[in-house]
Amino acid sequence: MRDPESNTLEFIAGCAVDADIYYLAAAIGPGHEYYDPDPGPPTRMFVFGRTPKEEWFYHDLQDFQVMSTQLVPEEEGGRPRRVLALDFYGQLEDYSRAGAKIEYVSAEGANFPGGLTCLRLLGEDLFCAGTRGQIHHRDGGGWQQLPTQFTTAFCEEDEDESDLDDFDSWLDDFGHLLELGDVPALPQDPMERDAELRRRFADWRAHMTDVREDGGFNQLLADFHVGSVNDLCGSGFADLYAIGSHGLIAHWDGASWTVPEQVTAADLFHACRTDQGRLVFVGMDGTIVTGDISTGFECLHHDVGEDINFNSACQYKQQVYIGSENRGLYVYSLETGVVEPLLDGIPEELREATIVDISSAGNVLWVLTPWDLIRFDGTAWQVIVHPDNG
């Protein structure tokens, strides 16, 4: 396998267009930091095509940090198929052979604080979601944000206020900072040193008490701790599932949310709806959840272990292919219910790989890693290396 340091491009999002075309986003490197301060590096958008010969086409999106892409099929009336790219800060590019246009998801425009990480076309409806429990829906009247108060039930727990009175805990957490060069040195005498430490602890406690009494800060902190919506699936506006932080699963029927009994506390990252309408959610610690809002949800028990984080899933034929972080591909048989690692016959580039995207089109399965695009036609795997990563 190639040394990652030799790669100029890092692929960060992608989606299948058809059996011969794939659309993907890349951060430009090497050694880039994708979350650079604004404006940051551009995202380079690629279209890879296999026919009549293998070619790469690209355009750059300045000031974009693309997080998710989505195919919109050709529509009745002759509107060509399109590919969409969602930026963390709410910009959305609509790209087709007819040209490109950019819009903002939020009415706040450039003042939108960001946090969008997921873009999905469900039925004929377009949705995006992300941090702070936000879900946006576009209809004929434009983008609207759905109410998602349910996410507060999946907040991270704040520190216990009793920590303000615990000198030993404070010393464990912050003691190493007192050794930094720009902090006044502590006395060498043990008794004087202890007295000085307790004086600094008292100052810190008084400061934190003032901070916690600041209503604006507390609201900001509460917003920060609200769970993220990591993915969406379903058949449309009246049948929408949201998954996310701390085992969040919720269903929207077009008017209100239903939150089923929690079956896991693990973060859920990706939602897959099979051809039969079965739902498969994957996430941290080897978590796989199946079910639906009518019959309920349950965690699927398997033998692959909990020391693995699943991050993507896609049905291909009678199996759901599941991507992981640094552990390659797994397969979940819809016929037997067995989950196992995919090891036989795969290219070296997939072994121990982090999977960015898995999507299918026609009779082809596409898999994207940070460095390679890989195509499976049901018989053979093809590794497609971009010239800049060769």
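A donor-acceptor pair is defined here as one N or O able to donate and one able to accept, closer than 3.5 Å; no such pair exists between the side chain of Gln319 and the backbone of Tyr316. Using a distance-only test at 3.5 Å, with no hydrogens or angles considered, no donor-acceptor pair links the side chain of Arg120 to the main chain of Ala129. Looking only at distances, no side-chain donor or acceptor of Asp125 sits under 3.5 Å from a matching main-chain atom of Gly236. No donor-acceptor pair closer than 3.5 Å links the side chain of Gln134 to the backbone N or O of Gln145. One N or O on the side chain of Ser359 and one on the backbone of Ala16 form a donor-acceptor pair closer than 3.5 Å. Using modelled atom types, one side-chain atom of Asp87 and one backbone atom of Tyr89 make a donor-acceptor pair closer than 3.5 Å. The closest donor-acceptor contact from the side chain of Ser333 to the backbone of Glu335 lies under 3.5 Å. Judged by distance alone, with hydrogens and angles left aside, the side-chain atoms of Arg351 form a donor-acceptor pair with the main-chain N or O of Leu343 at under 3.5 Å. Within the 3.5 Å criterion, the main-chain N or O of Ser228 finds a donor-acceptor partner in the side chain of Ser245. Gln262 places a side-chain N or O within donor-acceptor distance of the main-chain N or O of His246, the cut-off being under 3.5 Å.
Considering only heavy atoms from C-beta on, Met67 stays 4.5 Å or farther from Leu116 through its side chain. Contact check for Ile355 versus Thr369: side-chain heavy atoms found under the 4.5 Å cut-off. You'll find the side chain of Asp357 stays beyond 4.5 Å of the side chain of Leu24, heavy atoms only. By the 4.5 Å heavy-atom criterion applied to side chains, Arg81 and Asp18 are counted as neighbours. With contacts defined as side-chain heavy-atom distances shorter than 4.5 Å, the pair Pro341/Arg327 does not qualify. In this structure, the side chains of Gln91 and Phe64 come closer than 4.5 Å at one or more pairs of heavy atoms. Using a 4.5 Å cut-off on side-chain heavy atoms (C-beta onward), Thr148 and Arg132 make no contact. Put simply, the side chain of Asp139 does not reach to within 4.5 Å of the side chain of Phe237, judged on heavy atoms.
Enclosure of atom CD in Glu261 is not indicated, since only 12 or fewer non-hydrogen atoms of other residues, nucleotides or ligands lie within 6.0 angstrom. Around the CG atom of Asn363, the shell of radius 6.0 Å holds no more than 12 heavy atoms that belong to other residues, nucleotides or ligands. The number of heavy atoms from other shown groups lying within 6.0 Å of CD (Gln276) is above 12. Other residues, nucleotides and ligands contribute more than 12 heavy atoms inside 6.0 Å of the CD atom of Gln382.
Taken from CG in Asp231 to CG in Leu268, the straight-line distance is 10.0 Å, to the nearest 0.5 Å. The CH2 atom of Trp381 sits 5.5 Å away from atom CG of Leu329, with the distance rounded to the nearest 0.5 Å. Between atom CG of residue Leu342 and atom CZ of residue Phe376 there is a gap of 8.0 Å, rounded to the nearest 0.5 Å. Interatomic distance, CG of Asp168 versus CG of Asp166, reported as 5.5 Å (0.5 Å rounding). Leu119 CG to Ser68 OG: the interatomic distance, rounded to the nearest 0.5 Å, is 5.0 Å. Between the CD atom in Glu93 and the CG atom in Leu61 there is a gap of 4.5 Å [rounded to 0.5 Å].
Both Val385 and Ile374 are assigned to one and the same hydrophobic cluster, defined by single-linkage of ILVMFWY side chains at heavy-atom distances under 4.5 Å. At a threshold of 4.5 Å between side-chain heavy atoms, the hydrophobic network of Ile, Leu, Val, Met, Phe, Trp and Tyr places Ile384 and Val356 in one connected group. Under a hydrophobic clustering in which Ile, Leu, Val, Met, Phe, Trp and Tyr are joined whenever their side-chain heavy atoms come within less than 4.5 Å, directly or via other members, Leu92 and Val72 fall into the same cluster.
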**Study point:** Trace of the side-chain contact (heavy atoms from CB on, under 4.5 Å) decision for Leu279 with Ile293
**Key:** CA-CA 10 Å; Leu279 302 175; Ile293 197 63; over 6 Å; no

Check your understanding: Hey, mind stepping through His302 and Tyr330 against ring-ring contact (aromatic ring centres under 6.0 Å, His included) and telling me if it holds?
Key -> CA-CA 12 Å; His302 54 72; Tyr330 289 73; 8.2 Å; no

Practice item. Would you sort out whether Thr69 and Tyr95 count as a side-chain contact (heavy atoms from CB on, under 4.5 Å), showing the intermediate values? Key: CA-CA 11 Å; Thr69 58; Tyr95 182 79; over 6 Å; no

Exercise for review: May I have the step-by-step check of side-chain contact (heavy atoms from CB on, under 4.5 Å) for Val338 and Asp303, ending in yes or no?
Suggested key: CA-CA 9 Å; Val338 174; Asp303 297 326; over 6 Å; no

**Study point:** Phe167/Arg198 under side-chain contact (heavy atoms from CB on, under 4.5 Å): CA gap, chis, key distance, verdict
**Key:** CA-CA 7 Å; Phe167 171 76; Arg198 293 185 180 277; 3.6 Å; yes

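Scanning for salt bridge (Lys or Arg N to Asp or Glu O under 4.0 Å) contacts around Glu103 gives Arg138, with sequence neighbours left out.
Aromatic ring pairs are classed by plane angle as parallel below 30°, tilted from 30° to 60° and perpendicular above 60°; the pair Phe46 and His386 is perpendicular. Using the six-membered ring where Trp is involved, Trp366 and Tyr22 have ring planes that are tilted, between 30° and 60° apart. The aromatic rings of Phe112 and His136 lie perpendicular to each other, with more than 60° between the two planes, well past the 30° mark.
For the side-chain hydrogen bond (donor to acceptor under 3.5 Å, both in side chains) criterion with His251, the lone passing option out of Thr258, Asp239, Asp292 is Asp239. The one candidate from Leu71, Asp94, Val17 that meets the side-chain contact (heavy atoms from CB on, under 4.5 Å) condition with Arg82 is Asp94.
In this structure, Glu196 pairs ionically with Arg199, as a charged nitrogen and a carboxylate oxygen lie closer than 4.0 Å.
Minimum heavy-atom separation, Thr43 to Val66: OG1-N, 3.4 Å. Residues Leu232 and Phe127 share a closest heavy-atom pair of CD1-CB, 3.5 Å.
Contacts classified as ring-ring contact (aromatic ring centres under 6.0 Å, His included) and involving residues 254-278 (residues at least two apart or in different chains) are given here: Phe150-Trp257, Trp252-Trp257.
The closest side-chain donor-acceptor pair between Thr354 and Asn326 falls under 3.5 angstrom.
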Side-chain polar contacts of residues 280-291 - donor-acceptor pairs under 3.5 angstrom, sequence neighbours left out - could you list them?
{"residue": "Thr287", "atom": "OG1", "partner": "Met284", "partner atom": "O", "Å": "2.6"}

